[in-house]
Protein chains: 2
Amino acid sequence: MSNAAVSEHQPIPRMKSEDRRELILEAATGVFGQYGYYGATTDQIARAAGVSQPYVVRMFGTKERLFIEVIERALVFILRSFRAVLAEGDQDLRARLGSAYVELLRQRGLLLSLMHSFVLGGDPVIGPRARQGFLEVYAFLRDEAGFGPDDANRFLEGGMLLNTLVGLRMSDEFETSDAANEMLCAALPQKLDLLLELGKSQQADA
Amino acid sequence: MSNAAVSEHQPIPRMKSEDRRELILEAATGVFGQYGYYGATTDQIARAAGVSQPYVVRMFGTKERLFIEVIERALVFILRSFRAVLAEGDQDLRARLGSAYVELLRQRGLLLSLMHSFVLGGDPVIGPRARQGFLEVYAFLRDEAGFGPDDANRFLEGGMLLNTLVGLRMSDEFETSDAANEMLCAALPQKLDLLLELGKSQQADA
DNA sequence: GTAATAGGTAATTGAATGATTACATGCTGA
DNA sequence: TCAGCATGTAATCATTCAATTACCTATTAC
């Protein structure tokens with residue numbers, strides 16, 4: 001064995017808390033997306049972010065506040081992504097917004113964390129934020145994208161089915177069930193490849 | 001105070017376990033629908049059913065098995081309700097099935113328990129059951145109701161948005177938010193009254 | 001250089017919760 | 001009528017988990 005510099009006490013570098021915050025939010029988005037608000041633990045999130053459990057709690061105060069930050073951040077991502085689409089012109093807007101929505105699946109857990117918040121609308125803290133977030137998206141579609149009530153509704157319907165199919169991991173059945181195959185093809189006219197690809201990579205994780 | 005018959009030891013009547021089972025499943029459907037699989041506790045369910053917590057666990061073995069039974073029972077309700085619609089003729093089938101689906105909201109927590117199972121598709125036990133249930137509904141639409149892939153998809157899209165709006169308790173904002181008002185009107189062409197009515201009664205519960 | 005501050009963790013705690021055990025009592029058939 | 005089974009509960013256990021405390025060490029400002 002080399003004896004050089006073995007016990008040299010080299011300092012462990014530290015990150016700016018703002019960066020660490022972002023890492024934790026990203027990890028939390030993934031874990032909340034998979035297990036939901038109650039099912040996810042601060043310890044799982046901490047490990048996914050590579051920090052200790054107390055650090056997570058200290059940085060966000062409570063698990064509840066962390067979850068709120070996760071869904072508010074998710075909403076910012078969605079609206080930013082939608083506005084970018086809008087800035088590129090208004091041809092085929094519906095399809096391009098849909099496409100942008102599907103692309104958000106790349107941010108692991110983002111749409112699913114939101115979905116979990118949507119089904120907890122009865123919660124006194126989470127509920128109001130979740131409703132507000134949903135209504136912000138609706139307001140975007142109506143006021144910025146120029147959709148009428150029916151088009152906005154159609155768009156949201158498609159989004160919620162997509163979220164559900166992703167939550168269900170329906171892509172797992174793509175090859176084993178004809179019905180699943182057909183349903184996924186109908187639900188994702190384009191972008192099916194993206195869903196399948198992400199499905200495989202997350203199987204590898206687990 | 002009257003002294004008559006005070007300590008008369010009158011027996012506490014007992015229920016057949018099959019009936020009790022049904023009571024518990026109904027209570028569990030409501031509690032799981034509100035809090036989700038992880039958020040609901042066996043104690044809450046027991047209290048809602050008017051029995052002790054150990055009784056719930058003993059009857060179903062584990063909380064997980066209880067949840068599985070809840071979602072399988074929910075699916076039976078849905079398909080029974082859909083088949084009843086089918087038996088009444090095939091005019092306006094889409095609208096009548098949609099109407100029957102909304103009526104299922106009367107069974108408190110039924111659609112929401114399912115929705116919670118859908119977003120836990122990554123769970124090794126819940127996931128497969130949830131996917132199977134969803135695919136059964138799809139198979140009904142295609143094979144029994146005679147929908148094509150696109151119509152079936154449209155139907156499911158509408159269903160998932162309805163589930164989401166119910167989970168969000170969006171009806172709470174019906175009077176306070178123009179956007180919510182408009183969205184709900186677009187999403188539930190008929191049957192809006194039912195949603196609002198149920199929303200009020202469940203506010204009274206809480 | 002050296003306080004002071006910021007970025008972190010190990011150890012622990014207190015409450016919640018699913019599950020188990022032991023026990024009590026109503027019901028039913030021979 | 002009474003033995004055996006079914007219906008049910010009180011008490012408790014073992015675990016998990018969010019939160020707290022106490023402490024350590026980079027980094028930074030002066």
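Below, all heavy atoms of this structure are taken into account, side chains as well, without hydrogens, waters or symmetry copies.
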Q: So does B/Arg108 pair up with B/Glu26, basic N to acidic O under 4.0 Å?
A: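 Result for this pair is no, no salt bridge flagged.
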Q: Give me each pair satisfying ring-ring contact (aromatic ring centres under 6.0 Å, His included) with a member in residues 168-199 of chain B, each pair once, sequence neighbours excluded.
A: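 Non-adjacent pairs meeting ring-ring contact (aromatic ring centres under 6.0 Å, His included): zero.
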Q: What's the shortest heavy-atom distance between B/Arg169 and B/Gln202, and which atoms?
A: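 B/Arg169 and B/Gln202 have their closest heavy atoms at NE-NE2, 3.4 Å.
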Q: Tell me: CE of A/Met15 to P of D/dT27, nearest whole Å?
A: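 For the pair A/Met15 CE and D/dT27 P, the rounded distance is 12 Å.
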Q: Could you work out, with salt bridge (Lys or Arg N to Asp or Glu O under 4.0 Å) as the rule, every residue matching B/Glu173, not counting sequence neighbours?
A: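 A/Arg131.
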Q: Can you see whether A/Tyr55 has A/Arg58 sitting over its ring - NZ or CZ less than 6.0 Å from the centre and within 45° of the normal?
A: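 No.
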Q: Would you mind reading off the distance between B/Met59 atom CE and C/dA19 atom C1', rounded to a whole angstrom?
A: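 Roughly 16 Å, once rounded to whole Å.
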Q: Look at the aromatic rings of A/Phe155 and A/Phe82 and report parallel, tilted or perpendicular, splitting at 30° and 60°.
A: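 A/Phe155 vs A/Phe82 ring planes: perpendicular.
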Q: Could you tell me whether the phosphate oxygens of D/dA6, OP1 or OP2, come under 4.0 Å of any side-chain nitrogen or oxygen in B/Ser17?
A: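 Checking B/Ser17 against D/dA6: no side-chain N or O falls below 4.0 Å of OP1 or OP2.
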Q: Atom CG of B/Leu66 to atom C1' of C/dT17: distance rounded to whole Å?
A: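 The answer, rounded to whole Å, is 15 Å.
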Q: Could you go over nucleotides 2-5 of chain D and give all protein N or O partners under 3.5 Å, atom names and distances?
A:
none

Q: Heavy atom of residues 38-56 of chain A under 4.0 Å from DNA chain C: which residues?
A: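 A/Val51, A/Ser52, A/Pro54, A/Tyr55, in order of number.
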Q: Send over the distance from A/Tyr35 OH to D/dT16 C1', rounded to a whole Å.
A: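 It works out to 15 Å between those atoms.
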Q: Just by distance, no angles: are the side chains of B/Thr42 and B/Arg47 close enough, under 3.5 Å, to form a donor-acceptor pair?
A: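 No, B/Arg47 and B/Thr42 have no side-chain donor paired with an acceptor closer than 3.5 Å.
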Q: Any idea which heavy atoms bring A/Gly33 and A/Leu112 closest together, and the distance?
A: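 Shortest heavy-atom contact: O-CB, 3.6 Å.
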Q: With distance as the sole criterion, is a donor-acceptor pair present between the side chains of B/Tyr138 and B/Asp143 under 3.5 Å?
A: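 B/Asp143 and B/Tyr138 do not have a side-chain donor-acceptor pair below 3.5 Å.
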Q: Let's test your reading of the model: under 3.5 Å, does the base of D/dG8 pair with the side chain of B/Arg20 as donor and acceptor?
A: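 Side chain to base: no pair below 3.5 Å.
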Q: Name the pairs: protein N/O against N/O of nucleotides 27-30 of chain C, kept only if under 3.5 Å.
A:
none

Q: From D/dT7, C/dG7, C/dG8, pick the nucleotide closest to the side chain of A/Arg58?
A: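 Looking only at side-chain atoms, A/Arg58 lies closest to C/dG8.
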Q: Does the distance from a Lys or Arg side-chain N to an Asp or Glu carboxylate O, for A/Arg106 and A/Glu103, drop under 4.0 Å?
A: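 Looking at A/Glu103 together with A/Arg106, the answer is yes, because their closest N to O distance falls below 4.0 Å.
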Q: Rounded to the nearest angstrom, tell me the gap between atom CZ in B/Phe60 and atom P in C/dT20.
A: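 Nearest whole value for this atom pair: 16 Å.
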Q: What's the CD1-C1' distance between A/Ile24 and C/dG7, to the nearest Å?
A: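 The distance from CD1 of A/Ile24 to C1' of C/dG7 comes to 11 Å, rounded to the nearest Å.
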Q: Just to verify, what does A/Glu22 make a salt bridge (Lys or Arg N to Asp or Glu O under 4.0 Å) with, not counting sequence neighbours?
A: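 For A/Glu22 the salt bridge (Lys or Arg N to Asp or Glu O under 4.0 Å) partners, ignoring immediate neighbours, are A/Arg73.
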